[in-house]
A.B. asks: 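First, the structure itself, so that you have it in front of you.
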2 protein chains.
Amino acid sequence: MPRTADHAERRSQLIAALVRVAARDGLHAVTMRSVAAEAGVSLRLVQYYFDTKAQLVHAALRHLEAQSNQRWAARLADQPDPVEPRVVVEAFLAEALPTDEPSRVFHTVWTSYAVLAMTDPDLAAQPFVDGPNHLEAQLAQLLRRAQDQGRIPADRNPAIEAARLLMVTHGLGTSILVGRHTPDAAQAVLRYHLDRLFPPA
Amino acid sequence: MPRTADHAERRSQLIAALVRVAARDGLHAVTMRSVAAEAGVSLRLVQYYFDTKAQLVHAALRHLEAQSNQRWAARLADQPDPVEPRVVVEAFLAEALPTDEPSRVFHTVWTSYAVLAMTDPDLAAQPFVDGPNHLEAQLAQLLRRAQDQGRIPADRNPAIEAARLLMVTHGLGTSILVGRHTPDAAQAVLRYHLDRLFPPA
DNA sequence: CTGTATATGATACCCAGGTATCATTATTGG
DNA sequence: CCAATAATGATACCTGGGTATCATATACAG
């Protein structure tokens, strides 16, 4: 029947435009019109693919969430198994620090969403608790194994260690975003933390 | 000449109204009209005391900042000097966790501002770097003294310890706000961290 | 008292932005 | 090649919200 554009592809383009706007000008600057302009298309097109703004925003959030999950999974899969536990943990956590520009964009937008979710009942807050919970569980698992291998002292509690590791990392992440820490300084703190978690032989 | 209302007092009322709105409905819900309604006054009155919305918002930010500073100062002053260093540190950090309702309100609004400042050049980002910097310096000072007293092992770096202590606390704070941690759970993690910083005798 | 500066109220203007409507342009199966 | 459907464009409507204007009330100095 009609000419066929790739719907999924179109939506991705629009969501990418939204993310760029949100990262550059803030989530409050995301409007149907600004997204259209950023994507170089007409307002009507945005309406065509996303009936309402709420749908657009939710789609973008789900997109970021999926993207995040898949990156974490890749981080884990990329690591060959027999490598040093500390290296695995360090690589794993690097994903949570907004070091390069794409990562910075991602974290800026994600954080904006999280803050929105604090007060907006329409925006599901679940991703912001489920995501970290999942990461923490994976981390705890890694730490438990490292402890079994004797790389972490026996008197440490892997579950709590995972929790505070995530907290340190998250704290450093937002600190970078806000311009208080350089990525390098943040990584130094993180390394210090890991030095104490994995005592040198 | 005219009847005199207490300007400063009026402004405080309006700012308090703004904070309530921001904490309840989000910073995006803060409008001249919503603040007026929340304060139970007319829109015109808000305009009278704050010519523009930007002024109102900036005033509120400064108010929160001042309030924060003074609470931290009180935290420090309240502690008698000869007490256990760990107790001082713990009390100090308790201020950074949104445990009770007023504190939660404060942190919610403060965080909203911080996220805004990430992308809004008009909103000074300085408070969000100066504030923590100052706290970190004070913390480092406390830790140095504790180390001199032998309460903290000599191989620790007080400056970095202060940094990550702040990061853990900040991470826990936002985690509470987002509903991922209960205040109790957060405090447990913090205690665990302090247990390792101040090894038991 | 009374005028004058202060304080408050009512309301209007105007733009931005979400949504809706109508039209027009492709594309492709028959 | 044509009709039907998908895709895109132009534009209008309406509300919310920042700002501006005009009017009124209040209090105190002289």
Side-chain angles (χ1 to χ4, degrees), chain A residues 1-61 109 112-113 116 119-123, chain B residues 1-61 109 112-113 116 119-123:
Chain A
M1 299 120 182
R3 72 186 179 179
T4 278
D6 187 338
H7 267 225
E9 173 60 21
R10 259 337 197 167
R11 282 166 177 264
S12 291
Q13 291 174 354
L14 295 178
I15 288 177
L18 182 152
V19 169
R20 284 197 302 275
V21 172
R24 172 163 28 88
D25 305 324
L27 206 47
H28 61 274
V30 168
T31 77
M32 294 277 157
R33 286 172 173 83
S34 67
V35 169
E38 177 73 26
V41 300
S42 76
L43 165 62
R44 183 64 183 77
L45 191 95
V46 180
Q47 285 185 293
Y48 187 75
Y49 284 98
F50 301 95
D51 279 2
T52 170
K53 182 183 180 182
Q55 285 185 29
L56 170 61
V57 167
H58 280 88
L61 179 56
V109 179
S112 303
Y113 270 109
L116 241 194
T119 52
D120 187 346
D122 286 349
L123 202 65
Chain B
M1 296 118 184
R3 73 186 177 174
T4 278
D6 186 338
H7 268 223
E9 172 61 19
R10 263 324 199 177
R11 283 166 176 265
S12 292
Q13 292 175 355
L14 294 179
I15 288 177
L18 182 152
V19 169
R20 284 198 302 275
V21 172
R24 173 164 26 87
D25 306 324
L27 205 49
H28 62 273
V30 167
T31 77
M32 295 275 156
R33 286 171 173 85
S34 67
V35 170
E38 177 73 27
V41 301
S42 76
L43 166 61
R44 182 66 182 78
L45 191 95
V46 179
Q47 286 185 292
Y48 186 77
Y49 285 97
F50 302 94
D51 278 3
T52 170
K53 182 184 179 181
Q55 286 185 29
L56 170 62
V57 167
H58 279 89
L61 179 55
V109 179
S112 301
Y113 269 107
L116 240 191
T119 53
D120 186 347
D122 287 349
L123 202 65

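For the numbers below, each heavy atom of this structure counts, side chains included, while hydrogens, waters and symmetry mates do not. This one's a predicted model, so the numbers in the text were calculated from it and none came from an experiment. Chain identifiers are assigned alphabetically (A, B, ...) following the order of the sequence lines, protein sequences preceding nucleic acid strands; residue numbering begins at 1 within each chain.
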A.B. asks: Are any non-hydrogen side-chain atoms of Val57(A) and Phe50(A) less than 4.5 angstrom apart?
C.D. replies: no

A.B. asks: Using a cut-off of less than 4.0 Å, is there contact between a side-chain N or O of Tyr48(A) and OP1 or OP2 of dT8(D)?
C.D. replies: no

A.B. asks: Does the pair Val109(A) and Val19(A) meet the rule for a side-chain contact (heavy atoms from CB on, under 4.5 Å), with working shown?
C.D. replies: CA-CA 7 Å; Val109(A) 179; Val19(A) 169; 4.1 Å; yes

A.B. asks: Please round to the nearest 0.5 Å and tell me the distance separating atom CE of Met32(A) and atom CG of Leu43(A).
C.D. replies: 8.0 Å

A.B. asks: Separation of Asp25(B) atom CG from dG16(D) atom C1', in whole Å?
C.D. replies: 15 Å

A.B. asks: Taking only residues two or more places apart in sequence or in another chain, which ones pass side-chain hydrogen bond (donor to acceptor under 3.5 Å, both in side chains) with Glu38(B)?
C.D. replies: Arg20(B), Arg24(B)

A.B. asks: Could you run down nucleotides 18-24 of chain C 5' to 3' and tag each one B, S or - for protein heavy-atom contact under 4.0 Å?
C.D. replies: BBBBB--

A.B. asks: OP1, OP2 of dA7(D) versus side-chain N and O of His7(A): anything below 4.0 Å?
C.D. replies: yes

A.B. asks: If I take atom CD in residue Gln13(A) and atom P in nucleotide dA7(D), what distance separates them, rounded to the nearest angstrom?
C.D. replies: 13 Å

A.B. asks: Take atom NE2 of His28(A) and atom P of dA16(C), then tell me their distance rounded to the nearest Å.
C.D. replies: 15 Å

A.B. asks: What's the CG-P distance between Leu45(B) and dA25(D), to the nearest Å?
C.D. replies: 17 Å

A.B. asks: Just checking, any donor-acceptor pair under 3.5 angstrom between side chains of Arg10(B) and Gln13(B)?
C.D. replies: yes

A.B. asks: Less than 4.5 Å apart, any side-chain heavy atom of Gln55(B) and any of Thr52(B)?
C.D. replies: yes

